Number of protein chains: 2
Amino acid sequence: MPSSKKPKQATRADVARLAGVSESTVSYALTGVRPISEETRERIESAMKELGYVPNAMAQALAGKRSGILALLFPVGERGFNETDFEYVQAANEAVAEDGYQLLLWPNAVEDIESLKKIVNQGLVDGVLLMEVRSEDPRVPVLIEAGMPFCLIGRTEDPSKLTYVDADFSQWGPLAIRHLGDLGHKQVGYIGIADELINVGYGPGVRTETGLHEEAGRAGITLHPKHVAATIRAGRAAMEELLTSTPPVTAVISLNESAMVGALEVLASHDLSIPEQFSVMSFGISEIAANMTVPSQTTIGVEGKDLGRMADQYLIARLNGDNKSVLQHLSAPVFADRGSTGPAPE
Amino acid sequence: MPSSKKPKQATRADVARLAGVSESTVSYALTGVRPISEETRERIESAMKELGYVPNAMAQALAGKRSGILALLFPVGERGFNETDFEYVQAANEAVAEDGYQLLLWPNAVEDIESLKKIVNQGLVDGVLLMEVRSEDPRVPVLIEAGMPFCLIGRTEDPSKLTYVDADFSQWGPLAIRHLGDLGHKQVGYIGIADELINVGYGPGVRTETGLHEEAGRAGITLHPKHVAATIRAGRAAMEELLTSTPPVTAVISLNESAMVGALEVLASHDLSIPEQFSVMSFGISEIAANMTVPSQTTIGVEGKDLGRMADQYLIARLNGDNKSVLQHLSAPVFADRGSTGPAPE
DNA sequence: TTAAGTAGTCGACGCGTGTCGACGAATTCG
DNA sequence: CGAATTCGTCGACACGCGTCGACTACTTAA
């Protein structure tokens with residue numbers, strides 16, 4: 001081995017020796033838990049600088065019961081991972097970094113609770129952020145039993161005792177239906193998520209569709225729901241079907257980012273101009289994604305960055321011993337008109 | 001505090017007591033470093049199962065000099081973060097997990113080497129994967145000095161002594177120009193990345209464009225390069241400019257995923273049908289991204305998953321003490337014809 | 001028969017930090 | 001002026017694990 005000697009990182013003992021103080025004094029200078037005279041503090045600090053001292057994270061964690069690492073569980077499952085999901089990750093990551101924590105990625109499937117147990121009991125992480133939460137999420141009891149602080153990005157069936165941030169999906173449907181109803185649409189298509197996800201209780205899919213149906217009934221609008229896989233191909237097929245219905249569908253709403261791309265292709269190939277002859281709008285996609293398609297899409301969704309950031313704050317509050325207050329947040333829908341909806345034709 | 005008592009995780013001592021052996025015996029049963037009789041091994045294993053014992057990662061790292069954590073440096077800088085970048089992350093994450101490591105995310109900017117130094121010397125991670133590598137990347141010397149194993153996803157100016165995986169960008173330009181040349185195009189637009197990135201030596205931007213110019217000269221094709229920010233707006237402006245040139249541009253190549261979206265909008269608004277009246281193609285975007293636009297785009301790029309996976313393998317090889325062999329890989333370009341290029345008009 | 005292992009196990013120590021108890025000196029209070 | 005604090009510092013220990021040396025009971029080679 002040529003020049004691959006690892007330069008041994010300076011330890012607290014080295015700093016103490018150089019500064020001529022005891023090790024514990026160095027610790028207190030670092031944490032401020034006990035008072036230190038100005039003079040010694042300066043000696044210690046210059047010694048640290050000279051040695052390039054950085055506290056060993058492992059030892060800190062072992063001794064202090066805190067690793068400074070938060071984990072993000074983002075199952076890359078049936079639904080795939082898209083631009084919009086990444087917004088949450090990025091936001092959470094930034095927020096976590098600002099608070100002096102590190103973010104660890106865990107791509108484990110929701111069902112893989114054996115791995116979860118192992119990982120949680122490793123003592124590696126201080127807390128966990130959960131994405132892709134289901135109605136009866138098997139990960140929640142595991143985390144509770146392990147005494148691991150966590151925050152959901154989403155909700156379970158009964159989240160009353162949990163810490164979570166989520167979009168208020170129940171408002172999405174009514175908002176969209178009202179918007180389209182005001183424009184005179186009577187037959188509205190809906191491109192939702194796959195049945196498999198609905199069946200396992202994927203919250204956004206369930207709650208959004210419930211709201212759609214309720215408001216559609218109220219407003220005398222006929223809803224044509226299609227549950228399809230998150231693929232462009234599936235979106236094409238769904239749109240083709242919708243176009244054959246009578247009376248004709250004049251607008252479509254989507255909760256399926258990938259499928260919507262296929263749907264737009266079909267509309268284009270049928271020479272249906274948007275929004276003059278057909279209206280489209282999407283739920284819960286990021287601004288970037290909404291502008292990616294031609295034309296840009298009018299959307300109803302949430303501020304993803306805020307959600308990620310808030311989840312982080314809630315989790316850290318729990319870490320800091322706040323076990324009493326209820327930390328729950330439902331994010332109001334954000335309507336962004338990008339001109340893809342217009343008055344119903346005829 | 002109501003019921004928030006953390007169930008103290010079982011330790012090696014607990015297992016040893018229950019199994020009626022010493023602590024070190026438990027360790028050896030776990031690591032296999034020394035032989036253990038079949039009988040004791042079984043006693044120990046059932047004790048571990050009964051207690052739900054999971055070794056404490058921090059203590060293991062402290063004592064054993066290995067944390068089992070790899071870090072991924074992915075600067076979310078000027079260029080933004082898109083679907084295609086995420087493919088690398090995901091691939092690396094999966095590969096790392098398969099090898100029993102965890103992936104830590106570090107969104108630090110390339111310039112923020114102070115944070116890097118701190119983080120690297122924390123002893124938290126065993127190795128590092130670098131994304132967004134620049135010609136003279138300031139992070140490289142820091143990592144070398146710290147004796148931290150790393151693998152680049154990309155290359156520096158002189159990577160001869162480094163471990164890296166990268167796409168062979170020098171082939172992208174020639175391949176694209178030849179393809180368009182064969183179709184009879186003579187005036188070709190190019191939508192590249194921002195000048196700021198070129199100036200700091202962002203490899204893909206530099207190497208790709210060099211190849212483009214060389215082959216264009218060889219083939220007698222006039223290249224119209226535009227360096228624009230990674231925004232839809234900037235793409236629109238660039239495309240509008242390109243359409244005013246004489247003789248008219250008949251094809252455009254893009255290395256700028258976001259800007260290309262704007263460019264496609266402009267082409268659509270000018271009623272230029274693709275590929276009959278105008279040809280387009282993109283460098284280095286994922287299949288999903290290529291299919292997201294209307295129409296889908298013909299692309300030249302790399303298999304992102306392979307790169308991420310290979311980077312992981314190389315890094316782990318270094319971790320396992322392989323300091324002699326040269327671990328470097330240039331990934332051959334992949335041409336995917338999605339029908340967005342055709343014969344030059346007229 | 002004896003020296004030289006080998007399998008199987010134990011005890012002790014070190015990794016680098018947080019933190020508690022103790023102690024002298026300086027300060028405040030009654 | 002003595003007692004009670006507070007300030008500033010030190011030494012010792014715990015955190016949970018990896019690993020080295022030593023020891024016993026056998027097995028094998030000479």
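None of these values were measured; they are calculated from a predicted model. Per chain, numbering begins at 1; letters A, B, ... match sequence-line order.
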Participant: How long is the line joining CG of B:Asn56 and P of C:dT17, in whole Å?
Facilitator: 17 Å
Participant: Less than 3.5 Å between a donor and an acceptor, one on the side chain of B:Tyr28 and one on the base of D:dC20, is that the case here?
Facilitator: yes
Participant: Looking at A:Arg309 and A:Glu98, does any basic side-chain N land under 4.0 Å from a carboxylate oxygen?
Facilitator: yes
Participant: Looking across every strand, which nucleic acid part, if any, lies under 4.0 Å from B:Ser37 by heavy atom: base, sugar-phosphate, or nothing?
Facilitator: sugar-phosphate
Participant: Distance check needed: C:dG8 C1' versus B:Glu39 CD, whole Å only.
Facilitator: 11 Å
Participant: Students often get this wrong, so: under 4.0 angstrom with heavy atoms, is B:Ile36 touching a base, only sugar-phosphate, or nothing?
Facilitator: sugar-phosphate
Participant: Within the pair A:Tyr53 and C:dT17, is there a side-chain N or O less than 4.0 Å away from OP1 or OP2?
Facilitator: yes
Participant: Please report, rounded to the nearest Å, how far the C1' atom of D:dG18 is from the CE atom of B:Met58.
Facilitator: 17 Å
Participant: Has A:Gln60 got a side-chain N or O lying under 4.0 Å from the OP1 or OP2 atom of C:dG18?
Facilitator: yes
Participant: Between A:Gly64 and B:Gly64, which is nearer to the 5' end of DNA chain C once each is assigned its nearest nucleotide?
Facilitator: B:Gly64
Participant: C:dC10 phosphate, OP1 or OP2: any side-chain N/O from B:Thr25 under 4.0 angstrom?
Facilitator: yes
Participant: B:Ile44 CD1 to C:dG8 P: how many Å, rounded?
Facilitator: 12 Å
Participant: Choosing from C:dC20, D:dG16, C:dG16, which nucleotide comes nearest the side chain of A:Ala59?
Facilitator: C:dG16
Participant: Run the side chain to side chain donor-acceptor pair (under 3.5 Å) test on B:Ser24 and B:Ser27 for me, step by step, so that the C-alpha distance in whole Å, both residues' side-chain angles and the decisive distance to 0.1 Å come before the verdict.
Facilitator: CA-CA 5 Å; B:Ser24 51; B:Ser27 264; over 6 Å; no
Participant: Got a donor-acceptor pair under 3.5 Å from the side chain of B:Arg34 to the base of D:dG21?
Facilitator: yes
Participant: Taking B:Arg155 first and then B:Asp166, would you say they form a salt bridge - that is, a charged N and a carboxylate O separated by under 4.0 Å?
Facilitator: yes
Participant: Closest to the B:Thr11 side chain: D:dC17, D:dC10, C:dT19?
Facilitator: D:dC17
Participant: If each of B:Thr40 and A:Arg12 is mapped to the nucleotide of DNA chain C with the nearest heavy atom, which maps nearer the 5' terminus, i.e. the 5' end?
Facilitator: B:Thr40
Participant: Whole Å only: how far is the CD atom of B:Glu38 from the P atom of C:dA7?
Facilitator: 15 Å
Participant: Rounded to whole Å, how long is the line connecting atom CD of B:Glu23 with atom P of C:dC10?
Facilitator: 11 Å
Participant: Select base, sugar-phosphate, or nothing to describe what B:Ser24 touches, counting heavy atoms under 4.0 Å on all strands.
Facilitator: base
Participant: With a 4.0 Å cut-off on heavy atoms, is A:Ser27 in touch with a base, just the backbone sugar-phosphate, or nothing at all?
Facilitator: base
Participant: Nearest 0.5 Å, please: how far is CG in B:Leu105 from CG in B:Leu73?
Facilitator: 9.5 Å
Participant: Can you check the B:Lys65 NZ to D:dG16 C1' distance for me, whole Å?
Facilitator: 15 Å
Participant: Taking the basic N atoms (NZ, or NE/NH1/NH2) and the acidic carboxylate oxygens, is any pair closer than 4.0 Å for B:Glu114 and B:Lys118?
Facilitator: no
Participant: Would you say the side-chain atoms of B:Ser22 and B:Thr25 include a donor-acceptor pair closer than 3.5 Å?
Facilitator: yes
Participant: For the pair made of CG in A:Leu124 and P in D:dG16, what is the distance, rounded to whole Å?
Facilitator: 15 Å
